[in-house]
Amino acid sequence: MKKTILILLCASLLASCTACNDNNGSPAAQTTVTGYVNKETITSISDEKDIDEKEESDPGLVTSEVSCSQITIRQTVLADQDNIKITADGLIYDEDGAKVMLTLENNRDEDLSFYCGGTNSVNGYMIDDANMSLIVNAGESLQGSVCFDYRELAGFGITDIADFELQFEICSAVRTSCPTPLDTKQIDPIWPEPVNIKTSVYDSYDYSIDTYLEQLKTGHYSDYYFKSVDYLSEDEVYSKGDIRVISEALTTDEYGEKTVMLEVENNSDHMIDSSAQNIRINGLILTGSNGLNNFVCPGKRAVLYIPVSYAICDDAREPFGIKEIQKIDMTFTAAEAENDECIDNGPISIAFSETVLPFDSTGDQVYNSNGVRIISKGVIDDPICYYKFDLLLLVENNSTHTISFDNYSSSIFVNGYEATSDTSFIKTPPGASSAVAVSISKEQFKKDDFELESLSDIKNITLSTVITNEDMSSEEKCEISIDF
């Protein structure tokens with residue numbers, strides 16, 4: 001798929017892309033934007049063809065043969081308020097992607113920052129990587145662009161852009177260093193209402209086809225994001241109000257990394273922030289409330305990506321006995337994007353295998369009191385930071401209430417030396433178990449009599465913390481000493 005879309009789209013490097021306007025800013029004759037964009041400037045020539053004259057095509061299919069050089073837009077004013085004007089001038093295609101060429105006008109007496117990204121969409125799918133951030137000086141205008149990367153479009157099975165929406169945020173310019181002083185006056189951010197721009201293939205595009213799901217089902221997907229689809233289901237695993245999760249997939253990339261993908265549909269009239277929290281794999285709790293999220297605009301779909309390594313790194317999977325990803329459980333939450341107020345949430349459970357093997361609960365018991373049992377799983381080098389190592393703990397909650405740990409009351413010593421640590425203790429409900437990683441920096445131990453060069457230099461770790469219930473109404477001091 002990636003090769004197909006690159007061939008189709010990159011062929012337009014020397015072809016023309018069309019926009020149109022007249023002196024009054026209303027649609028009239030076309031303007032053809034030609035050639036490769038150098039420093040994002042536009043060369044225009046007039047063209048007599050009307051934008052509505054388009055060749056017959058079937059752009060809804062993944063294998064569509066519509067040439068992207070034929071897909072055009074009319075010049076469109078996206079925002080004209082508060083002495084700020086944003087105009088979409090046309091579409092240009094180069095080796096990176098489809099670029100929406102923009103004119104940004106700042107008619108105010110202060111420098112402004114124009115940002116676009118994170119909440120843009122193409123053909124009804126949220127596109128994450130189409131970003132633009134430019135500073136426009138007071139009283140000036142500037143040309144810019146938002147690029148829809150071919151690889152991300154291919155990830156949604158998109159070969160033809162039938163429509164798109166851009167979301168802008170305009171605020172006072174902030175520079176870390178600037179040749180001339182800026183007025184310290186700060187304006188409230190301006191968010192113009194998004195405008196849906198229909199391209200020349202809009203009328204013939206078949207929106208009934210879920211191109212993202214279709215490319216997963218047919219195997220015509222781009223190998224940029226993953227190499228294989230190990231599991232695919234169209235079960236509606238979440239449906240509350242106007243928010244639905246309509247498909248689920250498990251994929252593997254070229255490095256063997258597994259990713260769970262949830263297709264989220266927002267049929268409400270407001271933008272939502274969808275997130276996956278309290279993730280469990282094969283029954284073991286791996287993350288807390290701070291989960292992965294994705295914004296979904298009204299009437300749009302988005303894919304929420306959950307890399308398994310986010311929940312548990314490869315080096316930690318073996319100590320906890322997670323050899324295969326057989327089942328994932330999570331709390332799916334939809335919140336108002338504007339104020340982060342929770343609209344609704346609920347559990348999602350996806351079984352990738354008929355048989356789910358239990359995680360490994362064996363190890364050295366280092367704490368057992370009032371129904372709470374803690375087992376040491378050893379230490380590993382931190383998979384992200386080479387100068388850190390992680391102490392792995394399995395927490396079993398056999399009490400009658402949800403427990404957590406008070407980070408502010410925690411202290412840790414390595415070989416008798418006090419250390420700083422970064423720990424995300426997870427809320428563990430009754431009858432459940434959670435995996436905890438205590439991340440400790442090696443750099444702080446560069447002392448005359450002790451330097452931590454390898455994990456074999458660790459002889460003892462002492463951890464002191466406080467176990468609390470969910471409402472913090474009770475607490476119990478927890479002292480752990482582990483010898484290696």
Side-chain angles (χ1 to χ4, degrees), residues 17-28 30-31 33 40 42 51-52 54 59 71-93 97-108 112-134 136 141-148 152-153 156 158 160-171 188-205 207 266-272 295-302 337-338:
C17 303
T18 308
C20 57
N21 68 334
D22 61 14
N23 293 333
N24 298 321
S26 59
Q30 278 190 343
T31 298
V33 184
E40 301 185 343
I42 302 178
I51 196 170
D52 292 327
K54 10 184 201 307
I71 300 177
T72 58
I73 63 169
R74 293 183 182 276
Q75 186 181 60
T76 306
V77 175
L78 304 179
D80 191 357
Q81 64 185 82
D82 302 307
N83 293 320
I84 296 166
K85 188 174 182 180
I86 304 173
T87 306
D89 296 312
L91 281 174
I92 285 182
Y93 305 88
K99 290 185 176 180
V100 184
M101 304 307 299
L102 302 168
T103 299
L104 312 172
E105 300 179 43
N106 176 12
N107 299 311
R108 301 169 72 104
L112 296 177
S113 175
F114 287 72
Y115 175 74
C116 178
T119 53
N120 299 327
S121 66
V122 173
N123 296 2
Y125 295 99
M126 301 300 296
I127 304 295
D128 292 331
D129 292 339
N131 301 303
M132 179 201 72
S133 181
L134 291 174
V136 183
S141 64
L142 186 67
Q143 286 185 332
S145 67
V146 173
C147 181
F148 295 116
E152 186 170 13
L153 294 178
F156 290 96
I158 297 173
D160 304 315
I161 299 176
D163 79 273
F164 60 88
E165 285 185 10
L166 303 179
Q167 302 257 348
F168 291 90
E169 178 183 356
I170 301 102
C171 58
D188 292 331
I190 298 171
W191 290 285
E193 285 294 320
V195 176
N196 183 268
I197 300 179
K198 298 174 174 61
T199 74
S200 54
V201 298
Y202 173 80
D203 290 336
S204 61
Y205 192 83
Y207 282 91
N266 177 15
N267 296 311
S268 72
D269 57 0
H270 46 260
M271 185 189 301
I272 67 164
F295 292 106
V296 193
C297 290
K300 310 298 182 189
R301 292 176 179 176
E338 185 175 351

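All heavy atoms count here, side chains included; hydrogens, waters and symmetry mates do not.
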Find out whether [X] and [Y] are in side-chain contact, i.e. whether some heavy atom of one side chain is under 4.5 Å from a heavy atom of the other.
X	Y	result
Ile84	Phe168	no
Asp82	Arg108	yes
Leu78	Ile197	yes
Val100	Phe164	yes
Asp160	Thr199	no
Asn131	Tyr115	yes
Met132	Phe114	yes
Leu102	Leu166	yes

Over all heavy atoms of both residues, which pair between [X] and [Y] is shortest? Give the atoms and the distance, please.
X	Y	result
Val296	Ala302	CG2-CB, 3.7 Å
Ala162	Tyr205	CB-CG, 3.5 Å
Gly124	Asp163	N-OD1, 4.3 Å
Val136	Asn106	O-ND2, 3.0 Å
Met126	Gly118	CE-O, 4.4 Å
Cys171	Pro189	CB-CA, 4.3 Å

Is the backbone N or O of [Y] less than 3.5 Å from a side-chain atom of [X], with the two atoms forming a donor-acceptor pair by type?
X	Y	result
Ser145	Cys147	no
Asn266	Phe295	no
Thr103	Thr87	no
Asn120	Gln167	yes
Glu152	Ile127	no
Thr76	Arg74	yes

So how far is it from [X] [atom1] to [Y] [atom2], rounded to the nearest 0.5 Å?
X	Y	atom1	atom2	result
Phe148	Asp129	CZ	CG	11.0 Å
Leu112	Leu142	CG	CG	12.0 Å
Ile73	Lys198	CD1	NZ	12.5 Å
Lys300	Ile272	NZ	CD1	13.5 Å
Glu338	Met271	CD	CE	9.5 Å
Ser121	Asn196	OG	CG	7.0 Å

| message | Walk me through whether Phe156 and Val122 qualify under side-chain contact (heavy atoms from CB on, under 4.5 Å). | response | CA-CA 9 Å; Phe156 290 96; Val122 173; over 6 Å; no
